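Just so it is clear, the model here is predicted, and its values are computed rather than measured.
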Amino acid sequence: MSTGMTTALYDTGSDAIRDLLGIIEYSVNNDARTLQTDLGPSELGVGCDRCLVHLLAGHLKRENGLPWLPTIGNAVHDWLEVAVLQHLMRTGSDRYLPEGKVAVGQLRGRDVTGHSDVFDTHTGTVVDWKIVGATTLKKVRAGGASITYRRQAHMYGRGWAAAGYDVREVAIAFLPRNAMTLRDGKAWTEPYDEQVALDALARANALAAGVDTFGADAVLAACPPHTGLEFTCAVWPSDPAPTTDAAIARQTAGLIPA
């Protein structure tokens with residue numbers, strides 16, 4: 001039964017929206033994936049050398065508002081994991097291994113681990129979900145997965161192989177973030193190649209050794225400019241962001257870290 005009383009502090013819809021948005025912002029900023037500092041396959045595979053040096057040096061990123069696109073990507077990843085688990089329970093199948101934690105190699109003498117989205121034991125395929133915008137989908141249709149994504153996929157493949165599984169292919173399902181239908185997405189696959197993973201790890205360890213021995217500034221001085229192809233290319237306060245329209249467009253193309 002209503003008392004007929006209202007509070008002066010919360011008496012409009014705007015107050016309700018303001019407070020709920022505050023809850024969302026707090027949750028995003030304090031999510032474990034937002035606060036994560038350990039480098040995994042997604043970071044070590046980054047195609048821009050300067051970005052990788054900053055990551056290896058532990059540099060703080062430039063704050064650019066709430067990381068909403070990564071939050072959308074994380075939310076869809078969580079939903080996809082539930083969907084696969086529900087399928088396994090409904091059918092009694094053991095075909096898929098979702099969100100498996102794998103060790104892909106070592107960096108600075110320590111294991112590099114990550115959570116692989118899905119491993120299909122029937123086909124020996126490592127599957128990675130990417131929730132991307134229209135620009136990224138267009139690039140994938142034209143030229144396939146980027147070197148960043150390829151490295152990630154093969155490193156996860158190496159992790160599953162090291163765990164004793166028969167890995168035959170790696171795959172990325174590029175799912176449309178802005179389309180009306182899932183059919184607007186694009187799948188990319190190629191045979192698993194351990195050497196791709198080994199080369200990515202060797203590159204990361206070489207740059208890490210340079211950072212540890214000579215310092216990040218010295219290594220950055222020897223690095224080429226930012227590629228402008230990675231979402232991280234514009235987040236380092238000590239480095240100029242991409243300035244050309246083309247580089248800015250690539251940087252904001254909707255790449256979402258996973």
Side-chain angles (χ1 to χ4, degrees), residues 17-82 98-99 101 112-117 128-140 145-149 151-153 155-156 172-179 185 204 216 226-243 245 247-258:
I17 296 298
R18 177 200 64 205
D19 294 342
L20 287 168
L21 289 176
I23 292 171
I24 294 171
E25 184 170 349
Y26 178 87
S27 181
V28 170
N29 286 328
N30 290 275
D31 181 81
R33 283 168 287 202
T34 302
L35 298 174
Q36 177 183 333
T37 57
D38 291 339
L39 302 184
S42 296
E43 291 79 24
L44 297 187
V46 67
C48 175
D49 285 350
R50 295 189 75 85
C51 286
L52 182 53
V53 170
H54 283 294
L55 289 165
L56 291 166
H59 290 169
L60 295 177
K61 298 176 183 178
R62 179 187 292 113
E63 295 296 334
N64 189 26
L66 196 72
W68 186 239
L69 289 183
T71 300
I72 294 173
N74 290 337
V76 176
H77 271 79
D78 289 345
W79 185 91
L80 291 165
E81 180 188 2
V82 171
E99 284 299 313
K101 185 175 181 178
V112 175
T113 61
H115 284 86
S116 174
D117 292 335
D128 205 18
W129 308 117
K130 298 295 180 187
I131 320 304
V132 298
T135 303
T136 299
L137 280 171
K138 183 177 180 180
K139 290 166 63 178
V140 172
S146 69
I147 184 61
T148 298
Y149 288 154
R151 286 169 175 160
Q152 292 174 18
M155 279 192 278
Y156 282 124
I172 301 176
F174 292 92
L175 306 181
R177 189 182 65 242
N178 307 320
H226 282 287
T227 64
L229 296 170
E230 310 296 331
F231 75 94
T232 49
C233 282
V235 304
W236 310 110
S238 60
D239 260 356
T243 55
D245 290 343
I248 292 172
R250 288 194 298 268
Q251 195 275 128
T252 58
L255 300 178
I256 296 180

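Partners of His59 according to the side chain to side chain donor-acceptor pair (under 3.5 Å) rule, which considers only residues two or more places apart in sequence or in another chain, are His54. When the side-chain contact (heavy atoms from CB on, under 4.5 Å) test is applied to Leu66, the partners found at least two apart in sequence or on another chain are Glu25, Val28, Asn29, Trp68. Residues satisfying the side-chain contact (heavy atoms from CB on, under 4.5 Å) criterion with Val112, sequence neighbours excluded, are Pro41, Leu44, Val104, Leu107.
Residues Pro70 and Phe231 form no side-chain contact, since every pair of their non-hydrogen atoms from C-beta on lies 4.5 Å or further apart. Considering only heavy atoms from C-beta on, Lys61 comes within 4.5 Å of Leu55 through its side chain. Using a 4.5 Å heavy-atom threshold, the side chains of Cys48 and Leu229 count as separate. Contact of the Asp49 side chain with the Leu52 side chain is not registered, since no non-hydrogen atoms from C-beta on lie closer than 4.5 Å. Residues Leu175 and Lys130 form no side-chain contact, since every pair of their non-hydrogen atoms from C-beta on lies 4.5 Å or further apart.
Atom CG of Leu60 has 12 or fewer neighbouring heavy atoms from other residues, nucleotides or ligands inside a 6.0 Å radius.
Proximity of a side-chain donor or acceptor of Thr71 to a complementary backbone N or O of Pro67 within less than 3.5 Å is detected. Without hydrogens or angle criteria, Glu43 side chain to Gly40 main chain gives a donor-acceptor distance under 3.5 Å. Side-chain atoms of Asp117 come within 3.5 Å of backbone N or O of Trp129 as a donor-acceptor pair.
A donor and an acceptor atom, one from each side chain of Thr148 and Glu230, are located under 3.5 Å apart.
Between Thr227 and Gly47, the shortest heavy-atom distance links the atoms CG2-O, 4.5 Å. The shortest heavy-atom contact between Ala134 and Asn178 is N-ND2, 4.1 Å. A pairwise comparison of heavy atoms in Arg151 and Val46 identifies NH1-O, 3.4 Å as the closest pair.
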Decide yes or no on side-chain contact (heavy atoms from CB on, under 4.5 Å) for Trp236 and His226, but give the supporting numbers first. CA-CA 11 Å; Trp236 310 110; His226 282 287; 3.7 Å; yes

Worked check of side-chain contact (heavy atoms from CB on, under 4.5 Å) between Ile131 and His77: CA-CA 8 Å; Ile131 320 304; His77 271 79; 4.2 Å; yes

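Rounding to the nearest 0.5 Å places CD of Glu99 at 6.5 Å from NE2 of His115. Atoms CZ and OG1, from Phe174 and Thr136 in turn, are 8.0 Å apart once rounded to the nearest 0.5 Å. Taking OG of Ser116 as the start and NZ of Lys101 as the end, the distance is 13.5 Å to the nearest 0.5 Å.
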